Q: 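Have a look at this one before I ask anything.
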There are 2 protein chains.
Amino acid sequence: MNEIKISPPLHEGKKTLAEQAYESIREAILTLHLEPGQDIYESELANMLNMSRTPIREAVRLLAMEDLIEILPQRGMKVTHISESKVEETRFVREVLEIGALRKVVEHWDEDKPVYQVLHRELQLNLETQWQAQAEEDFAAFLRADEVFHRQLLHASGNMTLISIVTKMRYHLNRVRMLTLNELKNTEELIREHGELLAAIQSGDTAAATDILTQHLRRLKVDIDAVKQQYPSYFSG
Amino acid sequence: MNEIKISPPLHEGKKTLAEQAYESIREAILTLHLEPGQDIYESELANMLNMSRTPIREAVRLLAMEDLIEILPQRGMKVTHISESKVEETRFVREVLEIGALRKVVEHWDEDKPVYQVLHRELQLNLETQWQAQAEEDFAAFLRADEVFHRQLLHASGNMTLISIVTKMRYHLNRVRMLTLNELKNTEELIREHGELLAAIQSGDTAAATDILTQHLRRLKVDIDAVKQQYPSYFSG
DNA sequence: GCTTCTTGACTTGCATGCAAGTATACAATA
DNA sequence: TATTGTATACTTGCATGCAAGTCAAGAAGC
């Protein structure tokens, strides 16, 4: 009478080589350790990661599908250049999806439900972290907190498919953001907007919330020209 | 003085085995020739497609990333079950993205520009095809025309990234739709909505256009319960 | 000098073989 | 009978070898 089901080992720790390769290479691309436009080769990556070409190939195919790597048949591969239009496309997709998720969250928001109380507290805590990072001029810490803030909000929508798409869109945006890492100039404004957003959600004002978030997400539009001039070889088109 | 650049052979015809495998397997899943929940094996697919396991593996990895296949380490793979929540998630993502694209199109719409005149004519032509298909009760033909209608509209937004995501969301929706293939009941309504949508776009009425499309896309919500009862083994959760 | 051809040093594409993990049937045991 | 152990017939994970495509440099021909 096996009434008690033992949950499987959940072998989270055991990652295949292909999975490791995928994550390592993706991370290298996002942190610009593999530079946009750089030529890369299966055997080279295989050596670096101490494995054979087979798992590398699998990883690289996935990255190609995410437009992070370009495959040149029989010739090699290269890290995709940052494309201004691709960045704008992904920014738009992210905006639309994140607004959609937000609208859903606000519509379902109920101050009395513990779930939302917890979420509200977490977001407020996160906000404090953001202010602190700003005070200490720790831009990396701010970026992390910012990411968590948006992720928590998305998570509340309960739509995992949407979340995973937004995450992938972020890849392309983050490469640009990486290049502006030292520019702290408008973090204060960003954090203030996070606060206003939270207030709007709490008060159930859908229109205000979506307006704020739209505005917020469009800030990314500005800097790209400056960055392009500073690192022309990273860009295409 | 090679001023004229000869465009590369554009070896569109030359597809790698891995690409062929990807397309074949995906098509088999979407047409339900590979049934939801069915066990599949690398060697089996390799035999069916007359190639070795290597290109199959690459194809399968991509399909797994699109949630069309589930990989069970060291045990095999299976076609993912149709999940009610996954369908709703993808439906929502599609709705949000398609509305976003539509809004953009309407805002840029300009009756005097040839591009939009052409588009308008094409959409109207497509509409006639839809009516004809409906009259002949050729549901497959209607589905094709419907797909083209929406694709043309999306295409006008110019956002390729968005289009490719919507396409992938459609995969999951189409499997359900496939099961309701014989149900012609509300095509007439759907086509009428297409017409209304086109009129709203032409007259530049963003609010009306988005309302109609929202309504239109939400029709998919209805039938799923009936289908689930008819084909319980295809569903999970 | 300017083409055209040949060669060779690369690359990826794919087939194959072996190692290792997993489920199942069945014998051994309490 | 119910439980445990074990052999075995699967599966995928990965390394490796070879075929074939691509590019670039230099030889050959004009």
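The structure presented is a predicted model; accordingly, all values stated were derived computationally and were not measured. Chain identifiers are assigned alphabetically (A, B, ...) following the order of the sequence lines, protein sequences preceding nucleic acid strands; residue numbering begins at 1 within each chain.
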Q: Can you tell which of C/dA15, C/dG17, D/dT16 lies closest to the side chain of B/Arg53?
A: C/dG17
Q: Could you state the CD1-P distance from B/Ile56 to C/dA15, rounded to the nearest angstrom?
A: 9 Å
Q: How do B/Gln74 and B/Glu19 order along DNA chain C: which one's closest nucleotide is nearer the 5' end?
A: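 Going by which nucleotide is closer to the 5' end, it is B/Glu19.
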Q: Give me the one residue out of A/Leu173, A/Thr167, A/Asn174 that meets side-chain contact (heavy atoms from CB on, under 4.5 Å) with A/Tyr171.
A: A/Thr167
Q: Please tell me which of the listed nucleotides, D/dA15, C/dA15, D/dC14, lies nearest to the side chain of A/Thr16?
A: D/dC14
Q: Specify the separation, in whole Å, of atom CG of A/Leu49 and atom P of D/dC14.
A: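 Answer to the nearest Å: 13 Å.
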Q: Of the listed nucleotides (C/dT11, C/dG13, D/dG13), which one gets closest to any side-chain atom of B/Arg61?
A: D/dG13
Q: Looking at B/Glu89, B/His150, B/His172, which hits side-chain contact (heavy atoms from CB on, under 4.5 Å) with B/Arg94?
A: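 The option that passes is B/His150.
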Q: May I ask you to decide if the ring planes of A/Tyr234 and A/Tyr231 are parallel, tilted or perpendicular, using 30° and 60° as cut-offs?
A: parallel
Q: In terms of side-chain heavy atoms of B/Met51, which of C/dA15, D/dG13, D/dT16 is nearest?
A: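 Looking only at heavy atoms from C-beta outward on B/Met51, the closest nucleotide is C/dA15.
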Q: Any donor-acceptor pair under 3.5 Å linking the side-chain atoms of A/Glu66 with those of A/Tyr22?
A: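 Looking only at side-chain atoms, A/Glu66 and A/Tyr22 do form a donor-acceptor pair, the distance falling under 3.5 Å.
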Q: Rounding to an integer number of Å, can you tell me how far A/Ile71 CD1 sits from C/dT12 C1'?
A: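 In whole Å, C/dT12 C1' lies 9 Å from A/Ile71 CD1.
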Q: Distance check needed: C/dG13 P versus B/Lys14 NZ, whole Å only.
A: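 For the pair B/Lys14 NZ and C/dG13 P, the rounded distance is 14 Å.
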Q: C/dT12, D/dC14, C/dC14: which one has an atom nearest the side-chain heavy atoms of B/Thr54?
A: C/dC14
Q: Rounded to whole angstroms, how far apart are CD1 on A/Ile69 and C1' on C/dT12?
A: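 After rounding, the gap between these two atoms is 14 Å.
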Q: Would you tell me if any nitrogen or oxygen in the side chain of A/Arg57 comes within less than 4.0 Å of OP1 or OP2 on C/dA15?
A: no
Q: Rounding to an integer number of Å, can you tell me how far A/Asn50 CG sits from D/dT16 P?
A: 12 Å
Q: Starting at CD1 of B/Ile40 and ending at P of D/dT11, how long is that distance when rounded to a whole Å?
A: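 In whole Å, D/dT11 P lies 13 Å from B/Ile40 CD1.
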Q: Considering only C/dA23, C/dC14, D/dA15, which nucleotide approaches the side chain of B/Arg75 most closely?
A: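 The answer is C/dA23, which lies nearest to the side chain.
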Q: Report the distance from atom NZ of B/Lys15 to atom P of C/dG13, rounded to the nearest whole Å.
A: 16 Å
Q: Just by distance, no angles: are the side chains of B/Glu122 and B/Asn126 close enough, under 3.5 Å, to form a donor-acceptor pair?
A: no
